[in-house]
Novice: 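Just dropping this structure here.
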Amino acid sequence: MKFIVVTGGVMSGLGKGITAASIGRILVDMGYNVVPIKIDPYINIDAGTMNPFQHGEVYVLKDGTEVDLDLGHYERFIGVELTGEHNITTGKIYSRVIEKERKGEYLGQTVQIIPHITDEIKRWIRDVAEKRNADICLVEVGGTVGDIESMPFLEAVRQMHNEEREEDFLLVHVTLVPLDSGGEQKTKPTQHSVKELRSLGLHPDVIVGRCKRELEDSTKKKISLFCDVPAEAVISAKDADDIYEVPLIFKEERLDSYIARKLRLEKRDSSGDWESFVEKMRNASEEVTIAVVGKYIDVRDSYISIREALKIAGIHNSAKVSVIWVDSEDFEDFSEIEIEADGILVPGGFGQRGVEGKMMAIEYARENNIPFLGICLGFQLSVIEFARNVLEYDKANSTEFDRNTPHPVIDLLPEQKEVERLGGTMRLGDIEITIKRNTVAYSLYRKEKIYERHRHRFEVNPEYIDKLEGAGLVFSGHSDGGRRMEILEIPSHRFFLATQFHPEFKAKPFSPSPPFMGFVRSAIQFRREMNGET
Ligand code: GLN
C-alpha cells in the first residue's frame, strides 16, 4: 500500500482539495484503486453545525456524515462514494483517545499528543486504507503548514514517512507563486513554506505552484534549487478555466509519470475517459441560463455541489450552463418580480431569512411555465406556495417559520419532535425512495427504488397530502412506507419538480443526477422555444 500526502503552504484557498482530487483522478485513470481521506484540523466532530456563510457548503455523505466540501470534489473526481471514516477531524481523534483513556486502555500512562494522538491518527489512516483495499491512499491535510491545529497531524505524517518504505510514500506540497507588480513570478513564499515544512521534519517530493500564469522554466529551476526537489517535480498549476481541466494540466506537466516513477507503480491499462469528458465540456455548443435563488449567494462555495450538478448535466446535454445567483431577500421589497433565465432553481436552506422571496420565485416559475427545480427547503416552499396560491390557504406555512400557522403544511413528524426533544439531529444520508410509475420522476430515474442523500428535519404534513393532490400537485416519490413525501411535480407544467432530498450530492461526471438532467434538458428546450428554434 502506498500513501500520497497533500499539504498546503502560504495561505488557504489555494485549491488543495482540487489538487488532491485531481491527483486521485490521474491515478484512477492509470488503473489504481485510490482511497481519499481528508483531515480537517478543527475541533468540531464534523461540519454539521457549521455555518455556510463562514465555511461554504456542508456536504453530506451516504452514511449521513456532514463534511467539508472537499469530500464532494473527491467523490466527483475520483468517482467513489465515501463515508464518515474518510474525514478525520481533531474532534474525532481526541474523542477516541479520551474514550480509550476512560476505559483504562492506556494502562495508567500519561496520555499525550505524541505518541497517543499521533498513533490514533496513523491507525485511522491505515485502517481505512486497508479496509477499502487501497492501492494508493491519498491524504489531504487541511489548513496551512504552520497552523497550530495541524501540528499533530503533520507529526503523524512525519512518523508515517519514516515507517513506510521510500517507494510507498510521497509528499505533495501546494503553494502560491504570486506575481509582483511587474508581472514577475515570486518564489520566496514557496521557499518560506517549504522551510516551515522542513522544520517539522518533512520534505516535499513534489511542489505544486499555484499561479495566475504557467510557471516559467526559470521559476521552476529556482524553486527546485532552493527547495531541494528536482525541477521536473515542480508542477505548474495555473488558474484553470474549469476545475475539471486540472487533471489534464497535471498530465501535461507529466505529474503522472513522475508519481509512477517515485512510487514504482507498474504500468496498468490507462483510460481516457476523463479526457473525453473534458473534451465534451469544451465542445458544449448550447447555452442555457439558470437562476439560483438563494440566501448564501455571496459566499462563492455555499452551493458548490449544485453548481457542479448543473454543469455536469449541461455537459451531458452538450450545453454550457451559466448560473446567475439571485439573493431572494432582494425580491421582498417588490410585489411583482421578473427573473430572466431559462430555468429557476431554489436550493436548500435553514431559517426564515429570504423565505418569502424564494416563494415569489417559485410562484413566478409556476405561473409562467418556466422550468423549475426545488431542493429540500425549495421542495417545502413549493408545497407552501401551492397551498397559499392554489388552495388559497393564505397563511399556510412551515412550522419552522410560523409555529402558529393555521395551515402547517410543512411540519415535524411526531418522531422527529421526539428526536428534537432529546437534542437529536436531522434526517441524514442515503434513504430508500419509492417512485410512482407514469410520473416525470419515473421517466428520469427509470427505477422504482432509488437512494438519495438527505439533510432536513421537516416534512410534508400527511394531513394535507390529499388536499394538495386534489388541486393538481403530484407526490411522485415517497419513503418510510409512504409516510414521507420525497418528490413532487406538477403535470400541467412543462417541468416543475422538487425533491425533499439533495440530488446534487450524487451528481458525478460519469453519472449525472436525473432531476438535474431533466431540469437542464427542459431549460434548453424552453430557451429554444423562446428563440423560435424548435
Ligand atoms: N430547513 C428545512 C428542514 O429542516 C430544509 C433543510 C434543507 O433545505 N436542507 O427541513
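Heavy-atom basis, side chains included; hydrogens, waters and symmetry copies ignored. First listed ligand is number 1; within each ligand, the first listed atom is number 1.
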Novice: Under the ring-ring contact (aromatic ring centres under 6.0 Å, His included) rule, collect the residues that match up with F77, sequence neighbours excluded.
Specialist: Y244, W274
Novice: Does the distance from a Lys or Arg side-chain N to an Asp or Glu carboxylate O, for E99 and R102, drop under 4.0 Å?
Specialist: no
Novice: Just to be sure I understand the cut-off, which residues have at least one non-hydrogen atom under 4.0 angstrom from an atom of ligand 1?
Specialist: G348, G349, F350, C376, L377, Q380, E400, R455, H456, R457, F458, H502
Novice: Mind listing the closest non-hydrogen atom pair of K92 and I45 along with its distance?
Specialist: CE-O, 3.5 Å
Novice: In sequence, state the C-alpha distance, the side-chain angles, and the governing distance for I312 and F516, and then conclude on side-chain contact (heavy atoms from CB on, under 4.5 Å).
Specialist: CA-CA 9 Å; I312 290 167; F516 280 85; over 6 Å; no
Novice: Less than 6.0 angstrom from the centroid, inside 45 degrees of the normal: does K467 satisfy that with respect to the ring of Y464?
Specialist: yes
Novice: Pick out which of Y364, F496, F519 makes a side-chain contact (heavy atoms from CB on, under 4.5 Å) with I344.
Specialist: Y364
